[in-house]
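As the structure lists them, so they are numbered: ligands from 1, and atoms in each ligand from 1. Because the structure is a prediction, the values reported are computed rather than measured. Values below: every heavy atom of this structure, side chains too, minus hydrogens, waters and symmetry copies.
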Amino acid sequence: MDKNTILNALKQVKYPGFSRDIVSFGLVRNISLRGEGADVILSVSTSDPSLPDHLRNAAHAALHNAGLDTASINIAIESHPLPATTQNTANADTPPPIEGVRCLIAVASGKGGVGKSTIAVNLACALARELTARKRPAQTGLLDCDIYGPSVPLMFGLHTRPDIEGDVLIPLERFGVKVMSLGFLIDEDAPVIWRGPMVMKTIRQFTSKVAWGNLDVLVADLPPGTGDAPLSLAQAAKIDGAIIVTTPQTSAATVARRGAALFDRVGVPLLGVVENMSYMETATAGRRAIFGSGGGAETARATGTEFLGQVPFDEVVREGSDNGVPCVISHPNSPASAIFTKIAQRVLEKVAIV
Ligand code: ADP
């Protein structure tokens with residue numbers, strides 16, 4: 001029995017709900033050989049009490065499959081429960097905040113196409129305007145972690161590449177927001193097959209090797225769904241809160257809940273739910289709920305968090321994204337912009353930036 005054989009066997013154990021294995025996620029804290037046997041220590045941060053047993057069983061099965069004598073391998077799990085609804089939870093296993101960043105907020109959705117990036121982009125612009133109005137010296141940032149389809153450069157009208165000093169990326173800046181996106185670093189036409197380990201690597205680079213300066217708030221646009229990125233980000237940097245974006249269909253709420261559960265698992269508090277494309281204002285028939293109704297409220301209720309607001313389905317929102325000037329900037333007095341401002345104000349209140 002040697003450490004490498006054990007480690008290789010443990011690479012077969014997937015973190016529940018993810019395609020990534022527990023070794024690449026850094027959960028194997030120690031392996032020490034002891035005579036004919038070995039002691040393995042796994043370390044997890046979770047508010048899910050069933051996870052330690054699940055991991056122990058899965059690890060035993062993987063070691064057994066690798067032909068190791070599991071009776072002589074002792075697996076200890078250091079489990080650090082994290083209350084999911086408490087802000088700024090101090091915990092030894094919570095990674096440090098990104099240097100200079102006071103508050104990191106993740107924007108996530110259960111599935112693609114619900115307008116998550118649109119919400120992240122307009123929220124960042126609304127936060128920047130709000131913080132500027134309050135004469136706060138620190139800035140706002142936007143980190144586009146949507147590695148599968150980074151749309152932030154397009155939505156911000158940014159087409160240049162960031163400078164690199166040594167191994168540190170210098171974020172681009174527009175509308176008072178400092179922006180970093182994978183979209184800056186890849187060829188737009190190149191197909192991106194972003195493999196699991198690269199997700200972690202990129203997110204680590206984005207959290208440790210970007211010259212953000214002093215930011216009051218950094219908004220992170222995560223890829224849709226329950227893939228590796230939320231967990232990778234949660235392990236790379238302290239996330240102060242997550243916002244879930246959903247559409248109004250009640251069927252969307254089920255998917256959104258799944259996305260929200262992920263944050264609970266990694267001990268990130270939910271700040272609230274934003275419902276997008278909630279209604280369309282028409283001249284003749286008033287408000288029309290073209291995509292159904294109830295999804296946002298249902299998601300907020302089911303996840304025990306706040307319903308932050310309903311963003312209308314509006315041409316100015318779509319045009320803003322397509323033209324590279326988010327509607328909060330291009331149409332600051334539109335009903336949609338008013339809602340983004342209200343959501344930004346509430347978010348600042350919730351993370352205690354006044
Ligand atoms: P996701 O990030 O969830 O995949 P996007 O933010 O890229 O979704 O939005 C998908 C499309 O829907 C974009 O073309 C965007 O302009 C449009 N869109 C998003 N929200 C709205 C809205 N409230 N009103 C009109 N169009 C919207």
Side-chain angles (χ1 to χ4, degrees), residues 105-126 142-158 175 177 179-183 188 192 194 219-227 229-230 233 242-249 251-260 262-263 272-282 287-293 295-296 299 307-344:
I105 296 172
V107 177
S109 64
K111 60 174 182 162
V114 300
K116 170 188 53 60
S117 296
T118 306
I119 301 295
V121 158
N122 280 289
L123 178 63
C125 291
L142 179 61
L143 174 59
D144 181 10
C145 297
D146 193 344
I147 29 230
Y148 304 100
S151 46
V152 165
L154 185 76
M155 292 180 176
F156 262 74
L158 289 166
F175 313 128
V177 180
V179 185
M180 182 50 63
S181 165
L182 182 79
E188 263 179 50
V192 191
W194 212 256
V219 176
D221 182 10
L222 293 181
T226 53
L233 184 64
I243 293 173
I244 305 297
V245 180
T246 182
T247 44
Q249 300 97 313
S251 61
T254 314
V255 184
R257 274 206 306 273
R258 219 174 291 145
L262 194 78
F263 289 101
V273 173
V274 173
E275 186 184 85
N276 189 28
M277 310 185 189
S278 298
Y279 54 86
M280 196 167 91
E281 211 64 78
T282 62
R287 281 188 182 184
R288 290 195 52 209
I290 45 179
F291 294 117
S293 60
T299 307
F307 191 17
L308 292 169
Q310 293 177 295
V311 178
F313 185 71
D314 191 334
E315 213 172 337
V316 299
V317 179
R318 201 266 312 146
E319 274 174 6
S321 300
D322 284 354
N323 298 341
V325 186
C327 81
V328 163
I329 305 294
S330 64
H331 294 79
N333 299 319
S334 63
S337 296
I339 287 161
F340 284 122
T341 303
K342 261 182 83 175
I343 294 172

Show the atom names and distances, to 0.1 Å, of all donor-acceptor pairs under 3.5 Å that link a side chain in residues 316-329 to residues at least two apart or in another chain.
| from | atom 1 | to | atom 2 | distance (Å) |
| --- | --- | --- | --- | --- |
| Arg318 | NH1 | Asp322 | OD2 | 2.8 |
| Ser321 | OG | Val317 | O | 3.3 |
| Asn323 | ND2 | Glu319 | O | 3.3 |

If only atom types and distance count, is the side chain of Ser337 paired as donor or acceptor with the main-chain N or O of His331 below 3.5 Å? yes
Quick check on Glu315: does its CD atom have over 12 non-hydrogen neighbours (other residues, nucleotides or ligands) under 6.0 Å away? no
A side-chain contact here means heavy atoms from C-beta on lying under 4.5 Å apart; do Leu123 and Ile243 qualify? yes
For the residue pair Phe175 and Phe156, categorise the inter-ring angle as parallel (less than 30°), tilted (30 to 60°) or perpendicular (more than 60°). tilted
Quick check for students: name every N or O atom pair between ligand 1 and the protein closer than 3.5 Å, with distances.
| from | atom 1 | to | atom 2 | distance (Å) |
| --- | --- | --- | --- | --- |
| ligand 1 | 2 (O) | Lys116 | N | 3.4 |
| ligand 1 | 2 (O) | Ser117 | N | 2.8 |
| ligand 1 | 2 (O) | Ser117 | OG | 3.0 |
| ligand 1 | 3 (O) | Gly113 | N | 3.2 |
| ligand 1 | 3 (O) | Val114 | N | 3.0 |
| ligand 1 | 3 (O) | Gly115 | N | 2.9 |
| ligand 1 | 3 (O) | Lys116 | N | 2.8 |
| ligand 1 | 4 (O) | Gly113 | N | 2.9 |
| ligand 1 | 6 (O) | Ser117 | N | 3.3 |
| ligand 1 | 6 (O) | Thr118 | N | 2.8 |
| ligand 1 | 6 (O) | Thr118 | OG1 | 2.5 |
| ligand 1 | 8 (O) | Gly115 | N | 3.1 |
| ligand 1 | 20 (N) | Asn276 | ND2 | 2.9 |
| ligand 1 | 23 (N) | Asn276 | OD1 | 2.9 |
| ligand 1 | 23 (N) | Pro312 | O | 2.9 |
| ligand 1 | 24 (N) | Asp314 | N | 3.1 |
| ligand 1 | 24 (N) | Asp314 | O | 3.3 |

Asp144 vs Val179 side-chain heavy atoms within contact, under 4.5 Å: no
